[in-house]
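Below is one structure, written out as C-alpha cells, with a few remarks after it.
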Amino acid sequence: MTQRPSRTRVETFWRIFSSSRKRLSLSEEAPVQPQMAQVSPKIAAAAALTGPEKLAAVTNLVEKLSKDLISNDLPSEERDSALEELKIYGRDPRNADPIFTKEGIEMLTRHAFDSSSSTTSRNALRVLCNTLFLKQETRQMFVDLGYEAKLCDKLKSDNHDDEFLVSRVIFLTTYGTNTDLVELIDKYHLADAINANLERHAKHRTETSSATGPMEDMALAETLKLLFNVTHYCKDRTSSFTPAIPHIVTILCKGSFPTQKPLDPPTSSLVHALLNLDIGSEDVQAALYPENSPNMLVNHLIDLLTRSTTAYANEELESSVTPLVSTIRAIHEQAPAEVKNSIRERLLPTEADRTQVLGRTNSLPSWLLKNSTNPITPQLRDVISNLFFEMSDKDASKFVENVGYGFASGFLFNRNLPIPPNVSEASNTTQGSSDRPVNPITGQFLDAETQPEGPEMTEAEREREAERLFVLFERLRANGVISAENPVRTAVQEGRFEELPDDYEEESD
C-alpha cells in the first residue's frame, strides 16, 4: 500500500484542482455521444424506467452478462446492447443496486479487460467509469480484483477512447483506495504508458496541421489529470515522469484548443501537470528553454495570464488562475538568468505603472498587485506576493522598491521580516532604472503625485492630529490589537521629540 505523502506547497493547489476534476468526472456523455446519435427504442425505453421496474431490468441484465462470462453464448451485438442499456441505468444509482455490488463490479471488469472485442471492452469501461465515480466504495472493490497488469497494458493502446477510459479508471482509484501506485509504476510501467501517450499527443501537434478532435482533447486532459494525481500521491516516483515534460511543453506551446476561456481543459491540465514535475532536472532544460527561443514557454504562460485577467470573475480566480501563477513562479525559481529577467520585465511594475499609485493602471503588473491583497483569494494572493518577493531576489529592500511598502508591508509582517531602511526615503532604483525618485509607500513617481487641494494644516491642527493618533495607538495596544511600540512614545524616550512653547510661530520661507 502506497503511503500518502505529507502536505507540501502543492497540497493547497491539489485541493483546488481535485474539486474541478470531480466535476469533469461527472459526465460520460462525451465518449459515448457518437454511439448515441441514433437512439434505439430499447435504449430510449430504458432511460424512462424507474422504481421496481428499473431494478428488475438491471438485475436481469447483470445476471445475463454474468452468465455470459461463463457460457460466452451471447451474440456480440446483444452483449454490447446489454452493456449500453446498463450504462443508461447506471447513470442514476437509484434502483440500480446490482451494478454497484462486488459481483456487478467484477462482471464489468471482466468484460472490460478480458474481452477480445474492443467494442465490448469500451462499453463495459464506460459503465465501470460511471460506477466508480458515483459510488466511492466500488473503487476498492475494483482494486481488490487485481487487474493492475491488464489496466496498465490497456493504457498503452494507441486509441483515444481507451486512453480516456482507462486513465479515468486509474484516476478514480487514486481516491479512497489502497491502490499501490509504486507497484503500478515500477512493476506495471504506468509512467511509461503515460509518457508514451503524451508523446503521441505532442507528435500529432507538431507533424500535422489538422485540428484535433474532441475525443483526442478529452483523452489528453484525462491523461494529464491522472499524471497530476499520481505525482501528487507518489512523490517518490516523480522522476519517472520527467520525460513527459518536453511533451507537455510542446503541446502547451503548439497546441490549439477550441476553449471558451483561456484556462479551460486541456490547457489547465497542462499547466497543472507541470506543478509536480521536476522542472529543474538537467535532462529537460533544453525543452523548457530552447536555444533558439528560451522564453517561448514563459511567454506563453504569461500570455495566458494576461488573457485570464479579463476572462474570469473574482470568485473564479482562486481555482482557475492560482495554478498558472504558481507554475510561472516555479519556472522563475529554476530558470536561467535570461529567462528570469524576461519574466521580471513583464511582471514587475514599469515606468508607465508608476505614473499613478501602483495597482491603479490596467497593466498585468497592476492586476497582480491588486490581487496580492484580494480578500477572497487567499491562495492566489499568497502566490503572487511570493512571486514578487522572489523577483526581488528575496531582498526586502528591493521588494519595497519594486512594489511599494503599501503592498509589501503585510507580506513582510507575516514572515517576521524587518522593515527595510529605504521605506523612509524616496528611491530611484526601481525596475526600468529611471532616475526619477519614487514614493517608497505608494511606488509612484514623486513628480507625478497630485498635491492635495485646500490649505495646509496649521501647526495647531497638526498637533491635534498627532495627539489623536497617539491616543488611538495606545488604545489599540491596550486592547491587544497590535503589539508594536507607539512610535511617538519611542521618539520621546529617544530624545527625538520636541515640545514647542505655546507662543511658537512657524517660520515662513
Side-chain angles (χ1 to χ4, degrees), residues 24-36 39-40 42-50 54-69 72 74-145 147 150-151 154-155 157 159-173 175 177 215 218-219 222:
L24 287 171
S25 302
L26 181 59
S27 172
E28 282 298 318
E29 290 297 324
V32 300
Q33 199 165 0
Q35 298 177 2
M36 294 296 291
V39 181
S40 68
K42 189 174 183 181
I43 297 300
L49 279 184
T50 59
K54 175 183 173 180
L55 179 60
V58 171
T59 302
N60 179 61
L61 284 171
V62 170
E63 289 178 352
K64 180 165 73 170
L65 288 166
S66 297
K67 290 178 181 177
D68 181 58
L69 290 169
N72 196 28
L74 281 179
S76 296
E77 290 185 1
E78 185 176 348
R79 182 185 300 112
D80 293 335
S81 177
L83 287 167
E84 181 73 23
E85 187 178 351
L86 197 64
K87 181 185 70 180
I88 302 300
Y89 292 131
R91 287 175 176 168
D92 184 349
R94 290 174 295 183
N95 299 297
D97 297 343
I99 299 175
F100 301 91
T101 62
K102 289 183 179 180
E103 293 75 18
I105 297 301
E106 182 176 3
M107 178 272 293
L108 291 172
T109 301
R110 292 178 62 183
H111 278 297
F113 296 101
D114 294 341
S115 175
S116 58
S117 166
S118 59
T119 303
T120 297
S121 172
R122 289 166 195 154
N123 283 333
L125 275 170
R126 292 184 179 100
V127 187
L128 186 62
C129 282
N130 280 340
T131 304
L132 298 182
F133 170 73
L134 291 170
K135 291 284 185 94
Q136 180 172 327
E137 61 270 23
T138 61
R139 301 169 197 171
Q140 188 61 50
M141 297 177 192
F142 170 77
V143 171
D144 290 341
L145 293 174
Y147 270 72
K150 292 186 177 181
L151 190 66
K154 198 168 189 65
L155 190 59
S157 167
N159 179 277
H160 297 313
D161 288 272
D162 287 340
E163 180 186 357
F164 175 89
L165 294 165
V166 176
S167 293
R168 177 163 290 190
V169 168
I170 303 175
F171 170 78
L172 289 171
T173 61
Y175 294 103
T177 75
M215 192 66 239
M218 292 177 64
E222 208 67 31

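Side-chain contact between Asn123 and Lys87: absent, with no pair of heavy atoms (C-beta onward) separated by less than 4.5 Å. Using a 4.5 Å heavy-atom threshold, the side chains of Phe113 and Lys154 count as touching. Put simply, the side chain of Cys129 reaches to within 4.5 Å of the side chain of Val169, judged on heavy atoms. Side chains of Leu69 and Leu65 form no contact here, defined as non-hydrogen atoms less than 4.5 Å apart.
Of all heavy-atom pairs spanning Gly90 and Ile99, the tightest one is CA-CD1, 3.7 Å. Looking at every heavy atom in both residues, Asp162 comes nearest to Arg122 through OD1-NE, 2.9 Å. Between Arg139 and Tyr175, the shortest heavy-atom contact is NH1-CB, 3.4 Å. Taking every heavy atom of both residues into account, Ala96 and Tyr89 meet most closely at CB-O, 3.9 Å.
Contacts of Asn95 classified as side chain to side chain donor-acceptor pair (under 3.5 Å), with partners at least two apart in sequence or in another chain: none. With sequence neighbours excluded, the residues that form a salt bridge (Lys or Arg N to Asp or Glu O under 4.0 Å) with Lys150 are Asp114. Scored by the side chain to side chain donor-acceptor pair (under 3.5 Å) test, Ser117 finds Thr120 as partners (sequence neighbours excluded). With sequence neighbours excluded, the residues forming a salt bridge (Lys or Arg N to Asp or Glu O under 4.0 Å) with Arg79 are Asp68, listed by chain and number. Annotation: ring pair (Phe, Tyr, Trp, His ring centres under 6.0 Å) contacts of His111 (sequence neighbours excluded): none.
Using modelled atom types, no side-chain atom of Ser81 and backbone atom of Glu77 make a donor-acceptor pair closer than 3.5 Å. Side chain of Thr138 to main chain of Phe100: no donor-acceptor pair is present (N/O by atom type, distance under 3.5 Å, no hydrogens or angles). In this structure, Ser115 contributes its side chain and Ala112 its backbone to no donor-acceptor pair below 3.5 Å.
Between the NZ atom of Lys64 and the OG1 atom of Thr59 there is a distance of 13.0 Å, given to the nearest 0.5 Å. Interatomic distance, CG of Leu151 versus CD1 of Ile170, reported as 4.0 Å (0.5 Å rounding). A distance of 9.0 Å separates CG in Leu49 from NZ in Lys54, rounded to the nearest 0.5 Å. In this structure, the separation between CG on Leu132 and CD on Gln140 is 11.0 Å, given to the nearest 0.5 Å. With rounding to the nearest 0.5 Å, the separation of CZ in Arg110 from OG in Ser66 is 8.5 Å. Here CG of Asn130 is found 8.0 Å from CZ of Arg168. Values are rounded to the nearest 0.5 Å.
Across Leu125, Leu108, Leu61, a single residue satisfies side-chain contact (heavy atoms from CB on, under 4.5 Å) together with Leu83, and that is Leu108.
For the salt bridge (charged side-chain N to carboxylate O under 4.0 Å, His left out) condition, the pairs that include at least one residue of residues 93-108, sequence neighbours left out, are Asp92-Arg94.
Salt bridge annotation for Glu84-Arg126: absent, with no cationic side-chain nitrogen under 4.0 angstrom from a carboxylate oxygen.
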Practice item. Mind running side chain to side chain contact (heavy atoms under 4.5 Å, CB included) on Leu86 and Met107 for me, showing each step along the way? Key: CA-CA 12 Å; Leu86 197 64; Met107 178 272 293; 3.9 Å; yes

Given the rule in the side-chain hydrogen bond (donor to acceptor under 3.5 Å, both in side chains) test, do Glu163 and Asn159 qualify, once you have shown the distances and angles that lead to the verdict?
-> CA-CA 6 Å; Glu163 180 186 357; Asn159 179 277; over 6 Å; no

